[in-house]
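Lettering of chains follows the sequences in order, A, B, ..., and the numbering in each one begins at 1.
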There are 2 protein chains.
Amino acid sequence: MALFSYMKDFIHVYSNNFCGAKHAFTLRSGPKSGTIGQPFENDPSLTMTSIKDVALHAGVSVATVSRALGNGPVSAALRERVEAAIAATGYHPNLSARRLRSQHTRTVGLVVSDIRNPFFTAVSRAVEEAAYQADMRVILCNTDENPEREALYLRLMQEERVSGMIYAPTSTMSNRLPANGFGFPTVLIDRCPEDCSYDAVVLDNHEAASQLVQHLLAQGYRHIGGLFGNTSTTGAQRHAGFAETLAAAGLPAPTRFIAPRTEAAESATRDWLVSGQHPQALLASNGQILAGMVRALRNLRTQIPHELAVVGFDNEPWTELVGPGLTVIEQPVDEIGQTAMDLLFERMKTPTRPARRIVLQGRCIVRGSSITR
Amino acid sequence: MALFSYMKDFIHVYSNNFCGAKHAFTLRSGPKSGTIGQPFENDPSLTMTSIKDVALHAGVSVATVSRALGNGPVSAALRERVEAAIAATGYHPNLSARRLRSQHTRTVGLVVSDIRNPFFTAVSRAVEEAAYQADMRVILCNTDENPEREALYLRLMQEERVSGMIYAPTSTMSNRLPANGFGFPTVLIDRCPEDCSYDAVVLDNHEAASQLVQHLLAQGYRHIGGLFGNTSTTGAQRHAGFAETLAAAGLPAPTRFIAPRTEAAESATRDWLVSGQHPQALLASNGQILAGMVRALRNLRTQIPHELAVVGFDNEPWTELVGPGLTVIEQPVDEIGQTAMDLLFERMKTPTRPARRIVLQGRCIVRGSSITR
DNA sequence: AGCGTGATTGTAATCGTTTTCACTAGAGGT
DNA sequence: ACCTCTAGTGAAAACGATTACAATCACGCT
């Protein structure tokens, strides 16, 4: 039987030597766990009633209790005794044991790059809702666009043996995605290299940026600038749509790439505007950048849209509240989350299915920030 | 030894018959898992290399591998062989097994009521950061102010055997908190009944609301109304501060309690304003309500602050961008998250310590929305 | 030579479940 | 009466790690 145990190696389908072994040691001796001390030594929280206690209490075997918990065949009389025993002992099944034995975790990992970005919280909610419906749990990991944390969380996903993962890789990682997967079904969201072999659900970034530019052109703007995030493929694709549409109109496409954070966007906008010749309209490649841009404009007392038109991505609730309202691309956040989960489930059912890339369209919401009257 | 196993029952300190046994069955046959089918049957994701494979590959015992992974005594030569074997096999430790055996999960549960509320995402980030530093994981659960989901997630915390929990209870639950705890260290955040026996870190809601009212009074406003959330103790406490401060000034305190959602706040505000006699100033008890209020005002073309002054809670990034800027109470979100984790760690170390309630002060940021010039 | 001592290593028990397997009892067919 | 079948039950073997315990070995001391 030992032989059989080792044979598994030859038949298991997934490669999982993605995260090198070096990392395997930090779990117990984490980078800074020393600073906290060891508050978890004789953690009594796990010393709880087990299925044995219930069995003893009900006068049946543990197998019967287990079957009563699940949907196994148990006579009505015993089932009732078991339920009473459970109530009496205050028993709660131990998920670690359950997962270990049953070999599936009913857990999906959700790895996002910035939980404070409303786009990701909206998607998270949709994912969590879908997981709830399917009776699965989600582990939410926030990488903060930090490759070190990203690597740690990716490793965590392996160690948790998640059933699947929904993942928004930073651009650093985008190029390094393991060619034959992580060892479990994975769906990329929001960001995805052009040629990638993963399931993915993304916005039609090229088209969406193009829409914004076309709208500005239609409004008569000719000097149009753009501020784009530099940590994701998304920023690059939006820039492509922006630049190509302007090029097609025979216009230049002044561009700055920045960290996708409010502060960076604010100072970049300020620098740009005080630098003398500034554009008539500015495009922001996501909600954070848009917020920074508006803040800079506000501090400079620049009138929107009369002195400068503004358009951007992400229809966050506040965008219709500021100034004359902001013209934005609305992303179908719920649909993105749901579709990602659907894709995940499909891949679980059919692991060999070729990768599918679902491209959703954004909706352009025109408000006052881009309309000269 | 079987005897010993059952003896645990008599010595374990926590009561855990909080969630009745009825619920214990829904794990495998969740409410709607049937609609999804059973995509997890022969989920091969867990068929991975185990510590045995590594041991075989390195020519050592599993115990040695385990010791090499941790900090046990292993000779340099063997340690090297083990590391090589780990790299060669692409081994990742199985957290379920590890947790089951070692009896602690290094996991904290974070149960919040609305992940889309920037207050909670900010706190989440702080909690997650602290957990990361302490080499722990966090399970984020979003109850959406829904008692059913809340019960489910509370049960999940038990089943996961979390090391601790940080928890923002809905008002429904606030009164039903188990008197002797959940079975693991728990810290309440944001919401906490006055007399509760749990560790907690909350804002000084009474004082904060009072500050806002005093500011309005100082600005000469006399007819001041308030919109408060009805799902949490927080809303009630802020209302108390609001009402009492007005009463002290001999003024009435017209109030409406609503669901703490943007839409509800919008329609409540609209109704109030079109109802004829409306106040000169309005207070919103959280960021969502504030947003709804501003949206309603915008649609009614009501000038802030000339026709109506506005103040509220939560210094979200957009509040300084809309209209003349919104006067708000800023909550120390990072400090709340960190303090909650500190409290959790302390309680883990000293389970018998009396409950501590930490009250943090908000900061009043005065902007144009409450200043008549 | 004999013997404690300390450092490494392996063997085996254990954590709390699920699941295979064998067994029983009763129903029903001949 | 005998055989077959099925449903209900318990005993015991996993799952993959950690850890108590025992065994080995080299070493220094008497």
Exercise for review: May I ask you to test the Val108(A)-Leu344(A) pair for a side-chain heavy-atom distance under 4.5 Å?
Suggested key: yes
Review point. dG16(D) base to Arg99(A) side chain: any donor-acceptor pair below 3.5 Å?
Key: no
**Study point:** Within 45° cone of Phe184(B) ring axis and under 6.0 Å: Arg161(B) NZ or CZ
**Key:** no
Study note, to complete from the structure: The nucleotide from dA12(C), dT17(C), dT8(C) with an atom nearest the side chain of Arg161(B) is dT17(C)
Check your understanding: Could you state the CG-C1' distance from Leu100(B) to dT14(C), rounded to the nearest angstrom?
Key -> 9 Å
Exercise for review: Could you say whether Arg101(B) or Gly59(B) is positioned toward the 5' end of DNA chain C, judged by the nucleotide with the nearest heavy atom to each?
Suggested key: Gly59(B)
**Study point:** Atom-to-atom span, CG of Asn94(B) to C1' of dG16(C) - whole angstrom
**Key:** 14 Å
Check your understanding: Does Ser50(B) have a side-chain nitrogen or oxygen under 4.0 Å from the phosphate oxygens OP1 or OP2 of dG16(D)?
Key -> no
Check your understanding: When the distance from CD of Glu159(B) to P of dT18(C) is rounded to whole Å, what number comes out?
Key -> 10 Å
Exercise for review: Would you mind reading off the distance between Lys52(B) atom NZ and dG10(C) atom P, rounded to a whole angstrom?
Suggested key: 16 Å
Point to revise | His104(A) NE2 - dT17(C) P separation (whole Å) | key: 16 Å
Practice item. Give the nucleotide from the list dG10(D), dC15(C), dG10(C) with an atom nearest to the side chain of Ala63(A). Key: dG10(D)
Point to revise | side-chain N/O Ser61(A) vs dT9(D) OP1/OP2, d < 4.0 Å | key: no
Practice item. Mind calculating the distance between CZ (Arg67(B)) and C1' (dA17(D)) to the nearest angstrom? Key: 13 Å
Check your understanding: Is the shortest distance from a Lys or Arg side-chain nitrogen in Glu346(B) or Arg356(B) to a carboxylate oxygen in the other one below 4.0 Å?
Key -> yes
**Study point:** Minimum-distance nucleotide (side-chain atoms of Arg98(B) versus dG10(D), dT17(C), dA17(D))
**Key:** dA17(D)
Check your understanding: Given dT9(C), is OP1 or OP2 found less than 4.0 Å from the side-chain N or O atoms of Ser75(B)?
Key -> yes
Review point. Should the ring pair Phe182(A) and Tyr167(A) be called parallel, tilted or perpendicular, given that the plane angle runs from 0 to 90° and is split at 30 and 60?
Key: perpendicular
Check your understanding: Is there a side-chain polar atom (N or O) of Ser66(A) under 4.0 Å from OP1 or OP2 of dT18(C)?
Key -> yes
Review point. Between dT17(C) atom P and Leu69(A) atom CG, what is the distance in whole Å?
Key: 8 Å
Point to revise | Under-4.0 Å side-chain N/O to phosphate OP1/OP2 contact, Ser102(A) with dT17(C) | key: no
**Study point:** Which atom of Leu100(A) lies closest to which atom of Ser96(B), heavy atoms considered
**Key:** N-CB, 4.2 Å
Practice item. Output yes when at least one side-chain N/O atom of Gln103(B) is less than 4.0 Å from OP1 or OP2 of dT19(D), else no. Key: no
Practice item. Could you state the atom-to-atom distance from CG of Leu56(A) to C1' of dG10(D) in whole Å? Key: 15 Å
